[in-house]
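Naming: A, B, ... by sequence-line order, numbering from 1 per chain.
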Amino acid sequence: MKQFKRTTVTSALPYANGPVHIGHLAGVYVPADIYVRYLRLKGEDVLFIGGSDEHGVPITIKAKKEGVTPQDIVDRYHNIIKKSFEEFGISFDVYSRTTSPVHHQFASDFFRKLYDKGEFVEKTSEQYYDEEAGQFLADRYITGECPHCHAEGAYGDQCEKCGTSLSPLELINPKSTITGSKPVLRETKHWYLPLDKHEKWLSQWILEEHKEWKTNVYGQCKSWLDMGLQPRAVSRDLDWGIPVPVEGAEGKVLYVWFDAPIGYISNTKELLPDSWEKWWKDPETRLVHFIGKDNIVFHCIVFPAMLKAEGSYILPDNVPANEFLNLEGDKISTSRNWAVWLHEYLEDFPGKQDVLRYVLTANAPETKDNDFTWKDFQARNNNELVAVYGNFVNRALVLTQKYFDGKVPACGELTDYDKETLREFTDVKADVERYLDVFRFRDAQKEAMTLARIGNKYLADTEPWKIAKTDMERVATILHLSLQIVANLAIAFEPFLPFSSEKLRKMLNMPSFSWNDLGKINLLSSGHQLGTPTLLFEKIDDSAVEAQVQKLLDTKKANEIKAYKPAAIKENVTFDDFCKMDIRVATVLECTKVPKADKLLQFKLDDGMGGRTILSGIAQSYPNPEELVGMQVLYVANFPTRRLKGIDSEGMILSAEDADGRLVLVQPSRPVTNGVNVG
RNA sequence: GGCGCGAUAGCUCAGCUGGUUAGAGCGCAUGAUUCAUAAUCAUGAGGUCCCCAGUUCAAUCCUGGGUCGCGCUACCA
């Protein structure tokens, strides 16, 4: 394996439209922090880069909704995020933001360099334009009816009700969110990064030279490379972001996904204005990106292509991507407020940073999605941190206090059993390292915990409280060794549980730690005065976790109520307009799922005129379509025929969307003749 | 639908290039113990390794097909 002189560690930039939650922590920040603390403790040269990602359309929309500026939004969340990271002990060397002047200049220069080198291609395409506002509309500035679930308020890129990704051109009755007017298509020019031109070296670099990447990462990259890469737009028509530094590009900004990863570099520059380059350009620097699985393609393909196109940068050596963490069985969601927010956790559980760090690491979604439950949180705290780790420390310190006035007793002759115990625990260092080096934090932490298990067993087997009645010299040796194990625990857990290690370090009255001391049995010398023992961890009782569960249940209920919020009334239409709509009644003759389409049902209707076929995207709400046969439905009869999946669809069947996103077909309250008009 | 990743004990997960009784932690049962936050220590119960077929002397592991979960992507009047 290649030897490096230093390591640059980045963690995905959290998007500043909301606070940070446990999913972010488990997936990215806790593992990155453990890794960085480990390297630092080993005395390696390492830089840990973080920052808020503050551009992009969702922020402008949130700002508009709240009647404030985008800057207000990002200021609010950047401050919450930054403060909560600090309090939680995520040990960034720098935590800046993409609205910083340094970043703006840097990203702008970066783009310009690629532009001047001819690394982009320019393309003109048709996009929606708001004539009243005089601007192009980014995907999320267009809303309309979702063509699938017919929910109002679907965005141009995604319907939040049914979760489908969309293109703005697919929306029914598109509307500008700025003025409410109907947008028109207009030509606009954008810059694209021709990923296809980078395909060859990317394949070689990832598929041949980085077979050691995690399977999820490698597999995802291979899939993209095998499909063939397409040019990717790197600019947008928007006024919130970094202006495209090219003549004639007024009103255009860098696409947020282009500017965000550059933030890793500009934040480094902000911290180290004179020496940042060695962290990004020296081939002896190892670059590691910690991300979640949704970011794989960006960090493994697009960003490296940007760096390569620029020409002077190193490429990531590894991109450890985690899977997702669920919460009490449901996907974590910022918009649905289904999350444990870090800043709230810190308020609800003051001084318990390490408990959350421990639980998130013990249950980290390293190989597949995992579930966080408060019950598990409580159990791991009470049964592992308190019972195993905290208890062992407490036993050793209390016994020392009791028999030796808190002074480390002298070590006498070692028995075979002592030696055996020592051998076991000196292995722990190598095991922890072996796991940390390949980003297996869950196993690494478990391995550290075996130190405490060894200690507990040692005390149970040697029974110093019994021997104290006859042989104090032997007790001295037993406690001497036990205290060495305690000191080792403090070091081994520093990357994982920094607050507890610090607390323990003070209890032991140790000046400092080094990773290289791990495994040694002379960390505390005889006669050394220990500090006052206090409890390292406290039990968490039922009421505390029940309160958290209740909080989530309340959220769920609130979400349901909120989901019922009816959409705003559309602008008025005339009676004549309405009469143009030809809505009729028909009876379902046949209803089947369309093959090779997840969401389409094919209806054969008796419309009183010889029958017609209509496709409707409601399959997910009706898993047993045959049950619909015989039912009467309403449909729009005068839409032009549309061909979908090779089938002509002659109209649109009407359905209502329930608060939970399920689609419900609308039917007459009493049977009526097929083909009659609705009006 | 296409592609990727996953599916192993009640729960959360290990399991190297296929090879005797498939492992760990928690939970559970029984026993021991009391220095310790009723914590600890020992022992034990508990598994059609998602399903089907194939390759092989031998499959949890390889191949093909399927089911379920998640991500990316498409379709969704």
Whole-Å [atom1] distance, [N] and [M]:
| N | M | atom1 | value |
| --- | --- | --- | --- |
| B:rU40 | B:rU33 | C1' | 8 Å |
| B:rA14 | B:rU8 | C1' | 10 Å |
| B:rG46 | B:rA22 | P | 13 Å |
| B:rG25 | B:rC41 | P | 10 Å |
| B:rU60 | B:rA7 | P | 15 Å |
| B:rG66 | B:rC57 | P | 28 Å |
| B:rG69 | B:rA32 | P | 49 Å |
| B:rG23 | B:rC16 | C1' | 14 Å |

Candidates [options] - which lies nearest the side chain of [X]:
| X | options | result |
| --- | --- | --- |
| A:F324 | B:rC26, B:rA39, B:rG71 | B:rG71 |
| A:K457 | B:rA42, B:rA14, B:rC3 | B:rA42 |
| A:A387 | B:rG4, B:rG71, B:rU40 | B:rU40 |
| A:R380 | B:rU12, B:rG27, B:rA39 | B:rU12 |
| A:K293 | B:rC72, B:rA14, B:rG71 | B:rG71 |
| A:D294 | B:rG25, B:rC5, B:rC72 | B:rC72 |

For the pair made of [atom1] in [X] and [atom2] in [N], what is the distance, rounded to whole Å?
| X | N | atom1 | atom2 | value |
| --- | --- | --- | --- | --- |
| A:Q220 | B:rG2 | CD | P | 16 Å |
| A:Q378 | B:rU12 | CD | P | 17 Å |
| A:I301 | B:rC72 | CD1 | C1' | 11 Å |
| A:I296 | B:rU73 | CD1 | P | 12 Å |
| A:D542 | B:rU37 | CG | P | 20 Å |
| A:D443 | B:rG23 | CG | C1' | 12 Å |
| A:D648 | B:rC76 | CG | P | 13 Å |
| A:N363 | B:rU12 | CG | P | 8 Å |

Heavy atoms from other residues, nucleotides or ligands near CG of A:D416 exceed 12 (cutoff 6.0 Å)
no
Evaluate whether atom CD of A:Q401 has more than 12 neighbouring non-hydrogen atoms of other residues, nucleotides or ligands under 6.0 angstrom away.
yes
Students often get this wrong, so: under 4.0 angstrom with heavy atoms, is [X] touching a base, only sugar-phosphate, or nothing?
| X | value |
| --- | --- |
| A:K222 | nothing |
| A:I478 | nothing |
| A:G292 | nothing |
| A:V297 | nothing |
| A:L615 | sugar-phosphate |

Considering every strand shown, what is the Watson-Crick or G-U wobble mate of [N] when both distances are under 3.5 Å?
| N | value |
| --- | --- |
| B:rA7 | B:rU67 |
| B:rC16 | none |
| B:rC61 | none |
| B:rG46 | none |
| B:rA36 | none |
| B:rG31 | B:rC41 |
| B:rU56 | none |

Are the charged groups of A:K375 and A:D542 less than 4.0 angstrom apart, N to O?
no
Do [Y] and [X] have ring centroids that are under 6.0 Å from one another?
| X | Y | answer |
| --- | --- | --- |
| A:Y218 | A:W205 | no |
| A:Y389 | A:F493 | yes |
| A:F298 | A:F303 | no |

Only counting residues at least two apart or in another chain, list the ones meeting side-chain hydrogen bond (donor to acceptor under 3.5 Å, both in side chains) with A:N638.
none
Partners meeting side-chain hydrogen bond (donor to acceptor under 3.5 Å, both in side chains) with A:N326 (sequence neighbours left out):
none
Short side-chain N/O contact from [X] to OP1 or OP2 of [N], under 4.0 Å:
| X | N | result |
| --- | --- | --- |
| A:S223 | B:rG71 | no |
| A:N383 | B:rG27 | yes |
| A:K375 | B:rC26 | no |
| A:S616 | B:rC76 | no |

Parallel, tilted or perpendicular: which one describes the rings of A:F290 and A:F439, with boundaries at 30° and 60°?
perpendicular
Which residue, A:D369 or A:E538, contacts RNA chain B at a nucleotide closer to its 5' end, judged by nearest heavy atom?
A:E538
Closest to the 5' end of RNA chain B, once A:A362 and A:R453 are matched to their nearest nucleotides, is A:A362
Donor-acceptor pair between A:N322 and A:K214 side chains, under 3.5 angstrom:
yes
Check nucleotides 30-36 of chain B for protein N or O atoms closer than 3.5 Å to its own N or O atoms and list the pairs.
residue: B:rC35; atom: O2; partner: A:R395; partner atom: NE; Å: 3.2
residue: B:rC35; atom: N3; partner: A:R395; partner atom: NE; Å: 3.1
residue: B:rC35; atom: N3; partner: A:R395; partner atom: NH2; Å: 2.6
residue: B:rC35; atom: N4; partner: A:R395; partner atom: NH2; Å: 2.7
residue: B:rA36; atom: O3'; partner: A:N394; partner atom: OD1; Å: 3.3
residue: B:rA36; atom: O2'; partner: A:N391; partner atom: OD1; Å: 2.9
residue: B:rA36; atom: O2'; partner: A:N394; partner atom: OD1; Å: 3.2
residue: B:rA36; atom: N3; partner: A:N391; partner atom: OD1; Å: 3.3
residue: B:rA36; atom: N3; partner: A:N391; partner atom: ND2; Å: 3.3
residue: B:rA36; atom: N3; partner: A:R395; partner atom: NE; Å: 3.0

Side chains of A:Y358 and A:F377, heavy atoms from C-beta outward: is any pair under 4.5 Å?
no
Do the side chain of A:K446 and the base of B:rA24 come within less than 3.5 angstrom through a donor-acceptor pair of N or O atoms?
yes
